[in-house]
Number of protein chains: 2
Amino acid sequence: MFNKQELIDFCNTARESYLAHISIDCVVFGFHEGQLKVLVLKMKNEQSWYLPGGFVLKNEPIEEAANRILKDRTGLDEIFLQQFHVFGDPERSRPHREMYANMLPPSENWFANRFMTIGYYALVDFIHVTPTPDSHSEACTWCDLADTPQLELDHGIILKSALDTLRLQLNYQPIGYNLMPKEFTMPELQKLYETILDKKLDRRNFQRRMLGFGILTRSEKPRKGGAHKAPYLYSFDLANYQNALKEGLKGGW
Amino acid sequence: MFNKQELIDFCNTARESYLAHISIDCVVFGFHEGQLKVLVLKMKNEQSWYLPGGFVLKNEPIEEAANRILKDRTGLDEIFLQQFHVFGDPERSRPHREMYANMLPPSENWFANRFMTIGYYALVDFIHVTPTPDSHSEACTWCDLADTPQLELDHGIILKSALDTLRLQLNYQPIGYNLMPKEFTMPELQKLYETILDKKLDRRNFQRRMLGFGILTRSEKPRKGGAHKAPYLYSFDLANYQNALKEGLKGGW
DNA sequence: TCAAAAGTGTTGCGTCTACACCCATGC
DNA sequence: GCATGGGTGTAGACGCAACACTTTTGA
């Protein structure tokens with residue numbers, strides 16, 4: 001991905017600016033047309049894919065670092081972001097160590113170090129994101145969860161772990177609020193739940209249950225244009241939502 | 001806590017052996033006589049208390065580091081250990097930075113660095129633990145959760161965070177299995193749940209519910225010796241327990 | 001007019017809650 | 001024998017799953 005000169009330049013600035021041994025990787029979830037999506041990067045000159053990531057500035061809180069990284073890749077600020085796990089096997093970054101081993105001696109080579117990575121997952125409103133590659137990537141794109149490409153290093157494991165966390169936190173975090181657009185229909189929300197849980201849900205019971213939580217506001221105007229009966233549009237009542245989440249949305253799915 | 005010579009020695013070995021910027025802190029929970037307990041350390045020459053912690057060897061997986069640290073403090077190996085959060089504010093270790101600032105120049109002073117800490121919580125069988133202070137502590141003791149002393153740095157926050165995690169994971173992790181002795185009575189187990197949840201539970205419903213999970217084996221002999229009716233002794237059926245946890249123990253508390 | 005999508009109602013079963021009741025033991 | 005701790009039973013409330021039924025719309 002780097003040629004020699006790029007590597008030298010990067011290592012010099014990295015050593016000055018960033019904490020060694022620590023990186024951040026983000027699993028960015030979006031939801032569009034009934035599909036849960038993940039943001040991935042494709043490296044230059046390689047058929048290899050990664051999760052968006054970066055390093056922590058020497059005097060920067062890690063939450064801010066994650067935010068900065070995500071702002072660079074999505075254009076969005078104030079993203080919903082949750083730390084979920086640290087991946088700390090010393091062997092996890094070995095492929096990178098080897099990739100650059102014969103370009104620079106270890107003392108000058110930033111990637112000769114072991115890196116542990118802090119995994120964050122982010123929830124964003126798909127339509128507001130402008131996927132933006134970084135300097136050593138040739139592409140930054142959404143892909144459907146079902147057909148994500150093979151990811152390098154342990155990024156596949158990190159993605160899987162983020163998904164598991166998402167599932168577990170569905171009743172405790174404002175996941176719907178952050179993934180759905182401002183207004184949405186009940187079937188759309190149901191699709192999101194079905195995708196995350198990987199399970200079909202009963203249309204009618206889902207509706208009654210959701211409404212029962214008292215966290216949705218129905219707007220007067222239904223969605224026009226589609227075939228068939230026009231569905232109502234809903235939006236989250238954020239105050240009620242967050243209040244309900246404190247106790248956890250009752251019951252399982 | 002360190003005098004100057006100790007500090008110099010420690011810094012020299014630390015720089016050689018450990019990863020910079022990263023530490024591990026452990027919240028060790030035990031349960032004894034109806035009380036949830038936490039293991040804390042008292043520093044030499046100071047009225048200050050800390051959670052047990054340490055650093056990560058340069059080529060050591062972080063789980064192993066946590067295990068090593070806990071073995072040193074408790075004498076136990078193969079402890080149930082869960083990572084729960086990284087505390088990454090650059091200011092969190094400032095007090096330590098300042099404490100040693102005028103003993104050594106920053107370049108030689110290990111503690112001049114910023115440290116982020118990985119929080120682990122551990123569940124142990126109280127009676128098997130031998131609390132053992134480290135070289136710069138004068139005491140390592142259990143204390144009741146209700147009256148933990150004021151903890152230094154952000155260790156109070158870390159403890160609070162561990163407790164919240166414990167509560168959330170009660171239906172998803174073998175918490176009872178790891179905190180209770182091999183055999184225990186139903187009221188004892190109930191006390192544990194009540195302590196973690198900070199809530200009174202109905203004696204009879206608790207019993208039926210617990211038995212309903214099918215994760216307990218009743219031994220033939222009841223506990224003798226106490227006043228009043230002799231309670232049955234139970235132990236966990238580990239296979240069933242772990243199986244039930246996969247789906248999560250149904251229902252809330 | 002018909003198929004498909006969406007909204008609303010109803011019924012029955014299972015589960016939990018809040019009790020009442022029974023048993024054992026030491027003072 | 002009685003207070004206390006512990007084990008078991010049960011009636012009513014509640015919640016949820018599995019349905020049937022109605023409404024709206026475009027083809």
Side-chain angles (χ1 to χ4, degrees), chain A residues 33-35 170-171 176 180-181 183-195 197-236 244-245 247-253, chain B residues 33-35 170-171 176 180-181 183-195 197-236 244-245 247-253:
Chain A
E33 293 180 347
Q35 280 289 330
L170 193 54
N171 288 343
M180 300 300 283
E183 297 203 304
F184 50 88
T185 68
M186 197 60 83
E188 284 164 0
L189 183 62
Q190 182 180 342
K191 195 78 205 300
L192 173 63
Y193 270 72
E194 291 183 338
T195 311
L197 296 167
D198 195 23
K199 181 196 280 188
K200 284 263 163 249
L201 299 173
D202 184 281
R203 193 170 59 84
R204 303 151 271 195
N205 294 332
F206 179 82
Q207 182 138 170
R208 202 149 5 87
R209 180 108 179 270
M210 268 295 160
L211 292 175
F213 291 139
I215 59 177
L216 294 176
T217 321
R218 180 191 283 185
S219 71
E220 316 77 38
K221 302 275 170 185
R223 164 160 299 170
K224 301 263 179 175
H228 320 301
K229 178 164 180 172
Y232 289 105
L233 285 171
Y234 294 89
S235 56
F236 282 99
L245 290 169
E247 302 289 311
L249 301 183
K250 314 268 185 259
W253 296 98
Chain B
E33 294 179 345
Q35 280 289 331
L170 193 53
N171 287 343
M180 300 300 282
E183 297 204 304
F184 49 89
T185 67
M186 197 58 85
E188 283 164 1
L189 183 61
Q190 182 179 343
K191 196 77 206 299
L192 173 63
Y193 270 72
E194 290 183 339
T195 312
L197 295 166
D198 196 21
K199 181 197 279 188
K200 283 261 164 251
L201 299 173
D202 184 280
R203 192 171 60 85
R204 299 149 276 193
N205 294 332
F206 179 82
Q207 182 138 171
R208 202 146 8 85
R209 180 107 178 271
M210 267 296 160
L211 292 176
F213 291 139
I215 59 178
L216 293 178
T217 320
R218 179 190 285 185
S219 70
E220 316 77 39
K221 303 273 169 186
R223 164 160 298 169
K224 301 262 177 175
H228 320 301
K229 177 166 180 174
Y232 289 106
L233 284 172
Y234 294 90
S235 56
F236 281 100
L245 289 169
E247 302 288 313
L249 301 182
K250 314 267 185 258
W253 296 97

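As a basis for the values below, the full set of heavy atoms in this structure was taken, side chains included, without hydrogen atoms, waters or symmetry mates. Just so it is clear: chains get the letters A, B, ... in the order the sequence lines come, proteins before strands, and each one is counted from 1.
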query: With sequence neighbours left out, what residues match B/T185 under side chain to side chain contact (heavy atoms under 4.5 Å, CB included)?
result: B/P187, B/E188, B/R223, B/P231, B/L233

query: Listed by chain and number, what are the side chain to side chain contact (heavy atoms under 4.5 Å, CB included) partners of A/S235, not counting sequence neighbours?
result: A/T217

query: Which residues, if any, of residues 208-218 of chain A bring a heavy atom under 4.0 Å of DNA chain C?
result: A/R208, A/R218

Spacing between B/N205 atom CG and D/dG9 atom P, to the nearest angstrom: 14 Å

- prompt: Looking at C/dT25, C/dA4, C/dA6, which one has an atom nearest to any side-chain atom of A/R203?
  reply: C/dA6

- request: Go through the structure and list residues passing side-chain hydrogen bond (donor to acceptor under 3.5 Å, both in side chains) with A/R218, not counting sequence neighbours.
  value: A/Y234

query: Rounded to the nearest Å, what distance is computed from the NZ atom of residue B/K250 to the P atom of nucleotide C/dG14?
result: 16 Å

message: How many whole angstroms separate atom NZ of A/K199 from atom C1' of D/dA17?
response: 13 Å

query: Partners of B/Q207 by side-chain hydrogen bond (donor to acceptor under 3.5 Å, both in side chains), sequence neighbours excluded?
result: none

- request: Taking side-chain hydrogen bond (donor to acceptor under 3.5 Å, both in side chains) as the test, write out the residues that go with A/R209, two or more places apart.
  value: none

query: Listed by chain and number, what are the side chain to side chain contact (heavy atoms under 4.5 Å, CB included) partners of B/K200, not counting sequence neighbours?
result: B/E194

task: Give, for atom CZ of B/F236 and atom CE of B/M210, the distance between the pair rounded to the nearest 0.5 Å.
output: 6.0 Å

message: Given D/dG7, D/dT24, D/dA20, identify the nucleotide with an atom nearest to the side chain of A/R204.
response: D/dA20

statement: What one should report as the nearest heavy-atom pair of A/G34 and A/K191 is O-NZ, 3.1 Å

query: Mind checking what makes salt bridge (Lys or Arg N to Asp or Glu O under 4.0 Å) contact with A/R204, not counting sequence neighbours?
result: A/D202

task: Just jot down the side chain to side chain contact (heavy atoms under 4.5 Å, CB included) partners of B/L249, sequence neighbours excluded, or say none.
output: B/N171, B/Y193, B/F213, B/A244, B/L245

field: For atom CD of A/Q207 and atom P of D/dA17, their distance in whole Å
entry: 15 Å

- line: Double-helix bend of the helix from C/dT1-D/dA27 to C/dC27-D/dG1, axes at both ends from 5 pairs, round to 10°, gives 10°

Distance in Å, B/L192 CG paired with B/Q35 CD, rounded so as to fall on 0.5 Å steps: 11.5 Å

query: Could you give the CG-to-P distance, from B/D202 to C/dA20, as a whole number of Å?
result: 12 Å

Of residues 184-192 of chain B, the positions that come close to DNA chain C - non-hydrogen atoms, cut-off under 4.0 Å: none

- request: Figure out the NZ/P separation between A/K229 and C/dA3, and round it to whole Å.
  value: 19 Å

- prompt: B/H228 has a side chain; which of C/dA6, D/dT4, C/dC19 sits nearest to it?
  reply: D/dT4

